Amino acid sequence: MRRVVWLPAVLVLTAVLAAGCARPTLYSWGQYEELIYRSYAAPGAVSPEMQVENLEADYQKARSENKPVPPGFHAHLGYLYFQLGKLDQAQQELETEKAQFPESAVFIDRLLANLRKN
Amino acid sequence: MTGCGGLARAIGYAAAVMLAGGCVTAQPYDYTNYRLHPPRSIVVLPPLNQSTAVEATYGYLTTVTRPLAERGYYVFPIAVVDQFLKENGLPSAGEMHQVPVEKLAEILGADAVLFVTVEQYGTKYLVIDSVTSVAARARLVDTRTGLVLWEGRRVLQQSSSSGQSNLVAMAISAAITQVLNTSTDAAHRLSPQLNLLLFNQKDQGLLYGPYHPRYNQPPE
């Protein structure tokens with residue numbers, strides 16, 4: 001009797017796990033979401049310098065895997081460079097976001113227009 | 001009590017949760033508006049927070065990009081948008097949610113806005129146990145017409161004793177091995193599983209977006 005209880009449960013769990021593991025992702029996520037979470041959860045604990053360092057490493061890893069970085073990745077990186085006063089890199093990252101995802105054009109153009117105003 | 005008894009109880013509990021959540025018996029979602037106005041891009045505003053944890057807004061927001069992007073949509077960079085809106089006179093989620101959607105289309109060029117309300121977010125510590133809950137409802141609105149394209153609501157609870165957790169949480173808990181330090185960290189870690197239920201469920205979740213290989217194809 002016990003086997004009868006176990007078997008369907010094991011089958012269901014296996015199916016759920018397989019479905020969760022087998023599906024390849026569209027993007028190489030790296031620490032993009034995690035870094036943003038940590039920067040909100042403990043402001044100051046994750047400096048823009050450290051975020052830039054981690055995201056640039058993620059980007060190299062994604063390139064080596066031939067996988068795109070997710071939507072928003074380059075825009076966020078550009079925003080971090082802007083915070084560090086590195087306007088050339090900020091501009092380059094924003095333009096990379098726009099080239100990778102044309103859907104971002106209106107917003108990115110607005111950010112680019114504001115980039116050197118201050 | 002044997003282990004089998006515990007598992008059988010857990011399965012019964014999971015079934016009860018699924019039925020209560022409506023995912024077994026519910027009608028397929030009516031995607032008429034969604035199919036008429038298929039968005040390419042989605043901006044997720046910082047969620048309204050009805051939970052008792054102040055961390056809910058950003059703890060949940062920082063888990064939403066991945067499921068939407070993996071569903072095939074362009075998702076605007078949440079922190080950049082948040083900062084931009086704050087600098088333009090909208091210091092809180094509540095104020096951001098009041099902005100007319102046409103205005104968000106004009107400023108950001110977003111096809112659709114996802115309005116999220118976090119209803120529960122946190123962990124209750126009991127005598128020998130703790131229960132983490134995340135509940136959220138979401139509404140996807142077309143920025144050109146103001147039409148609601150999709151709505152959903154899900155509740156997920158996970159107990160520290162595995163016998164009490166629901167099926168999805170059980171399956172995933174094997175992957176969550178790190179020690180959870182604070183009550184809201186646990187809710188943050190549970191949010192991706194809630195998002196699977198909310199966004200990815202067949203006939204209930206979001207349709208595939210343009211970057212997904214199954215875009216514009218009939219459901220599996």
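Just so you know, these numbers come straight off a predicted model, no measurement behind them. Labels below follow one simple rule: chain letters A, B, ... track the order of the sequence lines, proteins then strands, and each chain is numbered from 1.
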Yes or no on side chain to side chain contact (heavy atoms under 4.5 Å, CB included) for F107(A) and V43(B), after CA distance, side-chain angles and deciding distance? CA-CA 11 Å; F107(A) 184 44; V43(B) 61; over 6 Å; no
Check the pair V106(A) / L108(B) against side chain to side chain contact (heavy atoms under 4.5 Å, CB included), numbers first and verdict last. CA-CA 6 Å; V106(A) 170; L108(B) 305 171; 5.9 Å; no
Decide side chain to side chain contact (heavy atoms under 4.5 Å, CB included) for W29(A) and E70(B); before the verdict, give the C-alpha distance in whole Å, the side-chain angles of both, and the deciding distance to 0.1 Å. CA-CA 10 Å; W29(A) 284 89; E70(B) 290 292 337; 2.6 Å; yes
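Residues H76(A) and P77(B) approach most closely at N-CB, 4.5 Å, considering heavy atoms.
With respect to E103(A) and R40(B), a salt bridge is recorded, a charged nitrogen being found less than 4.0 Å from a carboxylate O. The pair E87(B)-K117(A) fails the salt-bridge criterion, with no side-chain N (NZ, NE, NH1 or NH2) lying under 4.0 Å from an Asp/Glu carboxylate O.
Put simply, the side chain of D82(B) reaches to within 4.5 Å of the side chain of Y40(A), judged on heavy atoms. In this structure the side chain of E97(A) reaches within 4.5 angstrom of the side chain of Y74(B), judged on heavy atoms.
Between the side chain of R110(A) and the backbone N or O of I107(B), at least one donor-acceptor pair lies under 3.5 Å.
In this structure, the portions of Y27(A) lying under 4.5 Å from any heavy atom of chain B include both its backbone and its side chain. Looking at Q83(A), there are no atoms closer than 4.5 Å to chain B (heavy atoms on both sides), in backbone or side chain. For L80(A), no part sits under 4.5 Å from any heavy atom of chain B, backbone or side chain.
Note that CG of N114(A) is 6.0 Å distant from CZ of F84(B), once rounded to the nearest 0.5 Å. Between the CG atom in L26(A) and the CZ atom in R66(B) there is a gap of 10.0 Å [rounded to 0.5 Å]. For the atom pair CD1 of I78(B) and CD of E33(A), the computed distance is 6.5 Å after rounding to the nearest 0.5 Å. Between the CZ atom of F76(B) and the CD1 atom of I108(A) there is a distance of 8.5 Å, given to the nearest 0.5 Å.
Scanning residues 62-75 of chain A against chain B with a 4.5 Å non-hydrogen threshold yields P71(A), G72(A), A75(A), sorted by number.
Taking A110(B), A105(B), A69(B), P210(B) one by one and counting their heavy-atom pairs under 4.5 Å with chain A, the maximum is reached by A69(B). Contact tally against chain A (heavy-atom pairs below 4.5 Å) for V81(B), D111(B), T65(B): the top residue is T65(B).
Within 6.0 Å of NZ on K86(B) lie more than 12 heavy atoms contributed by other residues, nucleotides or ligands.
Under the 30°/60° scheme for interplanar angles, the aromatic rings of H188(B) and Y37(A) are found to lie parallel.
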